[in-house]
Amino acid sequence: MADRLLPPLAWIASLSWPLPIDASAHGPAVDHHLLLNLWIALALLAIAHLILLSGLILRRRTEATNLLRVEYIPLAALALLFATLTIKAERLWAATRYTGASLTALQIEATGVQFAWYFRYPGLDATFGITRPQLIVPAEGNPLGLDPTDPHASDDIVSSELVLPANREVDLRLNAQDVIHGFSVPELRLKQNAVPGQTIHIHFTPATPGTYAILCTQLCGLGHYRMNATLHVVSSEEFATWLAAHQKESTQ
Ligand SMILES: [Cu+2]
């Protein structure tokens, strides 16, 4: 909507900016909106200073009857502009990232714990097994507390790195075991808190194969600085190979 209202600014917004590369399908639209916001803020800053400067030079007293023209109309125009940008941002981000994952989306769970990320794939049965907090023993290879008596849990794959096939939608469910962590992959234009006691879904489609850093963006304790993991976006064949190799390990 803002593009249609402000074509010159939309054009300026399309100019390049030193952001990390864009490896997700939704990234270009988010970047475009971000840059449009920045250019509009820059233009408003320039206009405000020009008005300030002209006021200083002209030193003319404004009559009370002129308030509508000099204050209320510009204020209303600004409110309309920001409301338009906000609605567009809401549609780009909240409405598309949090609702409506397709039924064929790849189901993956990410769990933040001081100070690591764990990723779980549901395995051949496509169903996540039950986890129990009292069974969490990282030293014994059960950092998520998978219940061995649950048949759905036996084929679950737990990994400390995230491997995703390119161009397939991912429905990521985010958990935290202890405190609030922030799941962030700048190249995928993703950032979402993981909150203890909640499962938060966020869906996206990685588009460009490569290796990217997964960061924690919430100050979650003394080891926060080392709480990171690696994301590998690979071809669907490589993903199938990786999954098969880990499937064997988990069922052995
Ligand atoms: Cu953290």
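In each ligand, atom 1 is the first atom listed, and ligand 1 is the first ligand listed.
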| query | Under 2.8 Å from the Cu ion (ligand 1), which protein atoms of type N, O or S occur, listed by chain and number? | reply | His181 ND1, Cys216 SG, Cys220 SG, Met227 SD
| field | Aromatic ring pairing Tyr121/Phe239, orientation class (parallel under 30°, perpendicular over 60°, tilted between) | value | tilted
| task | Using atom types as modelled and distance alone, determine if a side-chain donor or acceptor of Asn175 lies under 3.5 Å from a backbone N or O of Ala110. | result | no
| field | Same cluster (ILVMFWY, side-chain, under 4.5 Å), Ile202 and Leu231 | value | yes
| query | Remaining members of Val137's ILVMFWY cluster at a side-chain heavy-atom cut-off under 4.5 Å? | reply | none
| said: Hydrogens and angles aside, do Glu238 and Ser235 bring a side-chain donor and acceptor to less than 3.5 Å of each other? | reply: yes
| query | With a 3.5 Å cut-off and no angle check, do the side chains of Asn193 and Gln218 form a donor-acceptor pair? | reply | yes
